[in-house]
2 protein chains.
Amino acid sequence: MVTTDRLSATFAALADPTRRAILARLAKGEASVKELSAPFAMTGPAISKHLRVLEHAGLISRGRAAQWRPCRLEAGPLQEVAAFTEEYRRFWDDSYARLDAYLQMIQDGTAEATAAGEPTEGPLDARDG
Amino acid sequence: MVTTDRLSATFAALADPTRRAILARLAKGEASVKELSAPFAMTGPAISKHLRVLEHAGLISRGRAAQWRPCRLEAGPLQEVAAFTEEYRRFWDDSYARLDAYLQMIQDGTAEATAAGEPTEGPLDARDG
DNA sequence: ATGCTACCTAACCAACTGGTTACCTAACCT
DNA sequence: AGGTTAGGTAACCAGTTGGTTAGGTAGCAT
């Protein structure tokens, strides 16, 4: 894609096991390119391309120290991904499902409650689907 | 990719604004293919391909009612994505950052506490970086 | 029977991806 | 100065993706 939004770039970057493994490694701390490429049966340029994809998505940033170019995890895009999935949490989370049923009941005007179970607790402001 | 793991397929499916828009529409309830294609300046086959990608990733399932093939959201893969991002939550969540500092302090043996602030609350079992 | 609607597959195309080899720069170490 | 190490770019290749047009199938309506 010639012009890709940030979220699409993030998802595309995460859609590769090698790149996810690199992120998992960086979650433990900074690492050089050599260090990052060690676990993979892959040439340097291939890793270099993966890092460029990750950097373009904003998932990593690169420093400079002598002949090394240490990579650092940047979690901003991951936070956006988390926010994205939160929009759908009610589709798998039981407590949200109960909350949905409760709110539906309220909306139907039949607010005699406890018919479908009361919501235990829930961040109401997270629901804007 | 010829053999793609489920998480990769999910991320790849989500890396397209059209497909995310389709999911957003399905979050409001089942819809026919025609209905789903309405908002897009795109031919039918293009939508059909998008739906196939989403179905292959397990993000939707398709029923059959007369000449319609209603699509339904399946949130399982989204839950996996949420679980993935949770592994990195400590990189952007302040309370997790404080928890990290606290645990680091404990591990260093200098458990005199309150030096870097006490953790407010935190699901410890979610941390297995 | 005929036509319309909903949806799909097939074949094609341009652009992108993920990998390679070959080659280059920059920094360190004798 | 010369060699080694870390890392990058360029050119290329096969396979995938996202779109198209053309044409086919299944179900409903007249």
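Side chains included, hydrogens not; waters and symmetry mates left out as well; all remaining heavy atoms used. Every chain is numbered from 1 and lettered A, B, ... according to where its sequence line falls, protein lines coming before strand lines.
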Could you grab the distance from atom CG of A:L78 to atom CZ of B:R89, nearest 0.5 Å is fine?
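Atom-to-atom, A:L78:CG and B:R89:CZ are 11.0 Å apart.
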If you only use heavy atoms from C-beta on, which nucleotide in C:dG18, D:dG18, D:dG7 is closest to the side chain of A:D16?
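Ranking C:dG18, D:dG18, D:dG7 by closest atom to the A:D16 side chain puts C:dG18 first.
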Do side-chain atoms of B:R20 reach the backbone of A:F84 as a donor and acceptor pair under 3.5 angstrom?
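Looks like no, no N/O pair under 3.5 Å.
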Answer yes or no: is there a donor N or O on one side and an acceptor on the other, between the side chain of B:Y88 and the main chain of A:A24, under 3.5 Å?
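Side chain of B:Y88 to backbone of A:A24: a pair is present.
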Without placing hydrogens or testing angles, list every side-chain donor-acceptor pair under 3.5 Å for residues 33-46 of chain B, not counting sequence neighbours.
residue: B:E35; atom: OE1; partner: B:S32; partner atom: N; Å: 3.4
residue: B:E35; atom: OE2; partner: B:R25; partner atom: NH2; Å: 2.9
residue: B:S37; atom: OG; partner: B:V33; partner atom: O; Å: 3.4
residue: B:S37; atom: OG; partner: B:K34; partner atom: O; Å: 2.9

Just the rounded figure in Å: distance from [atom2] of [N] to [atom1] of [X].
X: A:R52; N: D:dG8; atom1: CZ; atom2: C1'; value: 9 Å
X: A:K34; N: D:dA6; atom1: NZ; atom2: P; value: 4 Å
X: A:L51; N: D:dT9; atom1: CG; atom2: C1'; value: 15 Å
X: A:K49; N: D:dA14; atom1: NZ; atom2: P; value: 14 Å

Looking at DNA chain C, which of residues 53-68 of chain A put a heavy atom within less than 4.0 Å of it?
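Close to the strand are A:A66, A:Q67.
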Does anything in residues 38-46 of chain B come within less than 4.0 Å of DNA chain C? Heavy atoms only, and list the residues if so.
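Those residues are B:P45.
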Taking only side-chain N and O atoms of B:S48, does any of them lie within less than 4.0 angstrom of OP1 or OP2 on C:dC8?
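Yes, because at least one side-chain N or O of B:S48 sits under 4.0 Å from OP1 or OP2 of C:dC8.
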Are A:S32 and D:dA6 close enough that a side-chain N or O sits under 4.0 Å from OP1 or OP2?
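Looking at the OP1 and OP2 atoms of D:dA6, neither is under 4.0 Å from any side-chain N or O of A:S32.
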Taking the nucleotide of DNA chain C with the closest heavy atom to each, which residue, A:H50 or A:R69, is nearer the 5' end?
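The residue whose closest nucleotide sits nearer the 5' end is A:H50.
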Short N-O contact, A:K49 and A:D16, less than 4.0 angstrom:
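Salt bridge absent between A:K49 and A:D16.
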Taking 4.0 angstrom as the limit, do B:R52 and B:E55 come out as a salt bridge?
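B:E55 and B:R52: not salt-bridged.
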When you group the ILVMFWY residues by side-chain heavy-atom contacts below 4.5 Å and let the links chain together, are A:L54 and B:L7 in the same group?
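Hydrophobic grouping puts B:L7 with A:L54.
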Check for me, please, whether B:V53 and B:L59 land in the same ILVMFWY cluster - side-chain distances under 4.5 Å, paths through other members count.
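Shared cluster, no.
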Any idea how A:F11 and B:F11 line up, ring-wise: parallel (<30°), tilted (30 to 60°), or perpendicular (>60°)?
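The rings of A:F11 and B:F11 sit tilted, inter-plane angle from 30° to 60°.
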Could you tell me whether B:T18 contacts a base, only the sugar-phosphate backbone, or nothing, with contacts defined as non-hydrogen atoms closer than 4.0 Å?
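The answer is nothing, as B:T18 stays clear of every strand by at least 4.0 Å.
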